[in-house]
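The residues of the chain are indexed from 1 along the displayed sequence. All values derive from a computational prediction rather than experimental measurement.
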Amino acid sequence: MADLVLKPGREKSLLRRHPWVFSGAVHHLNGDPASGETVDLLSFQGDFLARAAYSPHSQIRARVWTFDPDERVNPDFFQQRIRAAIEMRETLGFACEWSKGVQRDVTNAYRLIYAESDGIPGLIVDRYSEMLVLQSLTAGSEYWKETLADILLEETGLSSIYERSDADVRALEGMQSIALTIRGPELRSPVTINEDDLKFKVNLSGGQKTGFYLDQRQNRLRVRELANGRDALDCFCYSGGFTLNALAGGASAVVAVDSSAEALALGRENVSLNGEQAERVEWREGDVFQELRKFRDEGRSFDLVILDPPKFAPTAAQAEKASRGYKDINLLAFKLLRPGGLLVTFSCSGGVDAALFQKIVASAALDAGVEAQIVEHLSQAADHPVALHFPEAAYLKGLICIRK
Ligand code: SAH
């Protein structure tokens with residue numbers, strides 16, 4: 001096996017169990033590992049630090065599989081990690097009865113494997129009813145992909161995997177974009193999933209992320225609990241996740257805005273799929289930044305506003321520009337809120353931490369001239385865990401504010 005030897009003193013983050021080695025920390029490489037092959041990480045003094053996947057093209061040159069010198073990286077190793085990830089979801093109450101038709105009416109779409117957080121950097125696997133959707137994002141997960149796919153089927157008893165490795169980050173690893181069925185019969189999209197007692201059509205082959213924003217499940221339920229009798233505005237509504245929950249929770253009406261016509265079309269289908277009256281929702285295709293200004297100019301107001309924008313700042317480098325974007329939409333949202341109204345506002349930007357997000361929302365309220373209280377802090381759903389030594393996995397932060 002090849003060795004990657006670090007510069008003096010650059011072993012510190014590994015000793016704290018952070019799983020990444022940046023190229024700048026590397027002193028030299030002994031051997032000629034292929035992309036994704038396993039290498040030993042050694043300190044400059046030659047001490048074993050970890051066993052990792054080698055990424056020759058990425059700034060993140062290696063990602064740790066194990067810190068245990070006695071643990072081999074082989075199919076058994078991955079089987080154990082996958083089993084542990086599935087058991088953890090079972091502990092959380094997700095239905096892992098895989099055979100067809102079982103537990104039809106409970107949540108059957110959730111994240112099964114969440115990369116570093118589950119000890120398998122680069123691998124994301126989401127379950128959508130009987131279909132697994134796999135994303136391989138790094139050289140290491142790519143190297144083991146066929147093995148991982150076989151183990152996933154064995155451990156779940158399912159027979160189909162669709163690969164959605166079309167995220168931009170693959171380019172950083174020198175890998176091409178892939179979207180195709182890799183196990184089982186050809187995917188027939190959309191598939192219908194259950195989230196709690198609601199049904200959603202999900203476009204697995206072309207939808208955003210792996211098809212659905214599974215990370216917002218718990219927050220959608222919270223919105224349902226708070227929606228009764230409220231006149232709601234769902235900004236960045238995608239296929240209607242929050243809209244459907246607001247309706248189920250008794251919202252009097254919902255205005256749902258997104259720039260994607262495809263997402264809105266799916267949203268409309270989801271309303272009728274759940275037997276809700278189509279007239280309760282006004283779907284608006286447009287740019288939220290502009291639509292909010294139109295609402296302001298028309299003097300419209302709401303008593304529940306949801307802001308769930310896409311990532312404005314993937315990394316800290318874009319934080320400043322992103323902050324302006326967040327401030328703008330939050331300021332406008334506060335202006336549209338009636339007294340006693342609720343603002344449910346999110347950021348999924350890795351580059352904007354919870355403290356900064358709270359500051360942005362506070363200054364938005366100040367500039368809007370409204371007084372508000374934070375009544376709840378929200379985060380990503382439990383099937384998107386955060387390994388204690390990998391805080392980067394916690395990307396979603398949300399606040400519920402009440403306007404006085
Ligand atoms: N709330 C959704 C997920 C939202 S994801 C859910 O729970 O399922 C972000 C959405 O913002 C995407 O649907 C994307 O199409 C939309 N979007 C991105 N930029 C936009 C803009 N400027 N105006 C309106 N919609 C936008």
Side-chain angles (χ1 to χ4, degrees), residues 89 92-94 106-111 114 117 126 128 193-200 202 207-228 230 232-251 254-258 263 267 270 274 281 288 302-312 326 329-330 333-334 337 341-350 352-358 360-361 364 372-386 393-403:
R89 272 65 181 179
L92 291 173
F94 289 100
V106 299
T107 299
N108 64 6
Y110 46 88
R111 181 148 293 185
Y114 184 29
S117 293
D126 291 334
Y128 289 96
I193 57 144
N194 303 316
E195 183 174 271
D196 300 295
D197 54 350
L198 294 174
K199 296 191 182 307
F200 290 94
V202 178
Q208 301 177 24
K209 280 210 168 186
T210 59
F212 201 61
Y213 289 83
L214 299 170
D215 52 357
Q216 287 283 27
R217 182 189 317 101
Q218 290 167 186
N219 303 327
R220 287 191 278 262
L221 263 189
R222 193 69 187 111
V223 160
R224 190 197 299 204
E225 291 164 354
L226 296 169
N228 195 26
R230 293 184 186 269
L233 171 61
D234 180 6
C235 297
F236 308 97
C237 65
Y238 190 49
S239 58
F242 281 104
T243 292
L244 261 298
N245 277 278
L247 294 175
V254 184
V255 177
V257 185
D258 201 282
N270 286 332
N274 289 281
V281 188
V288 165
F302 299 90
D303 26 44
L304 171 62
V305 178
I306 299 147
L307 295 176
D308 184 19
K311 235 188 286 193
F312 290 159
Y326 288 122
I329 54 175
N330 281 279
F334 273 124
L337 265 191
L342 296 171
L343 172 65
V344 184
T345 181
F346 296 97
S347 161
C348 59
S349 293
V352 174
D353 66 17
L356 175 58
F357 186 56
Q358 188 170 322
I360 296 167
V361 174
Q373 291 163 304
I374 296 171
V375 289
E376 256 173 77
H377 292 261
L378 305 174
S379 63
Q380 62 216 45
D383 49 334
H384 297 58
V386 180
Y395 59 92
L396 183 65
K397 44 244 136 196
L399 297 170
I400 305 184
C401 302
I402 296 192
R403 181 182 170 176

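In this structure, the separation between CD on E195 and CG on L214 is 7.5 Å, given to the nearest 0.5 Å. To the nearest 0.5 Å, atoms CZ (F357) and CG (L399) are separated by 5.5 Å. Between S347 atom OG and I360 atom CD1 the span is 7.0 Å, to the nearest 0.5 Å. To the nearest 0.5 Å, atoms CG (L378) and CD1 (I400) are separated by 4.5 Å. Between atom CG of residue L307 and atom CD1 of residue I329 there is a gap of 5.0 Å, rounded to the nearest 0.5 Å. Distance check: Y128 OH to F212 CZ gives 8.0 Å after rounding to the nearest 0.5 Å.
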Next item on the list: Would you check, one step at a time, whether the test side chain to side chain contact (heavy atoms under 4.5 Å, CB included) holds for N330 with L343?
Entry: CA-CA 9 Å; N330 281 279; L343 172 65; 3.7 Å; yes

Next item on the list: Would you sort out whether V255 and F302 count as a side chain to side chain contact (heavy atoms under 4.5 Å, CB included), showing the intermediate values?
Entry: CA-CA 9 Å; V255 177; F302 299 90; 3.9 Å; yes

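Here D215 pairs with K209 under the salt bridge (Lys or Arg N to Asp or Glu O under 4.0 Å) rule; sequence neighbours left out. Under the side chain to side chain donor-acceptor pair (under 3.5 Å) criterion, Q358 pairs with no residue at all, not counting sequence neighbours.
Taking the side chain as every heavy atom from C-beta outward, N219 and D308 never approach each other to under 4.5 Å. Contact annotation: the side chain of I193 never approaches that of K199 to less than 4.5 Å [non-hydrogen atoms, C-beta and beyond]. For the pair C401 and I374, the minimum side-chain heavy-atom distance is below 4.5 Å. Contact annotation: the side chain of N274 never approaches that of L247 to less than 4.5 Å [non-hydrogen atoms, C-beta and beyond]. No side-chain heavy atom of Y213 sits less than 4.5 Å from a side-chain heavy atom of L396. For the pair D126 and D383, the minimum side-chain heavy-atom distance is 4.5 Å or more. Here the side chains of N245 and L198 are in contact, with some heavy-atom distance below 4.5 Å.
Side-chain atoms of K397 come within 3.5 Å of backbone N or O of Y395 as a donor-acceptor pair.
Comment: R224 does not engage D196 in a salt bridge, judged by the lack of any side-chain N to carboxylate O separation of less than 4.0 angstrom.
Closest of all the heavy-atom pairs between S117 and A393 is OG-CB, 3.2 Å. R217 and A381 make their closest contact through NH1-CB, 3.7 Å (heavy atoms, listed as atom of the first residue, atom of the second, distance). Here the closest non-hydrogen pair linking R403 and L337 is NH1-O, 2.7 Å.
Side-chain N/O atoms of T345 and Y326 include no donor and acceptor closer than 3.5 Å.
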Quiz: residues 232-244 side-chain donor-acceptor pairs under 3.5 angstrom, not counting sequence neighbours:
from: D234; atom 1: OD2; to: T243; atom 2: N; distance (Å): 3.1
from: D234; atom 1: OD2; to: T243; atom 2: OG1; distance (Å): 2.7
from: Y238; atom 1: OH; to: Q208; atom 2: N; distance (Å): 2.9
from: Y238; atom 1: OH; to: G211; atom 2: O; distance (Å): 3.0

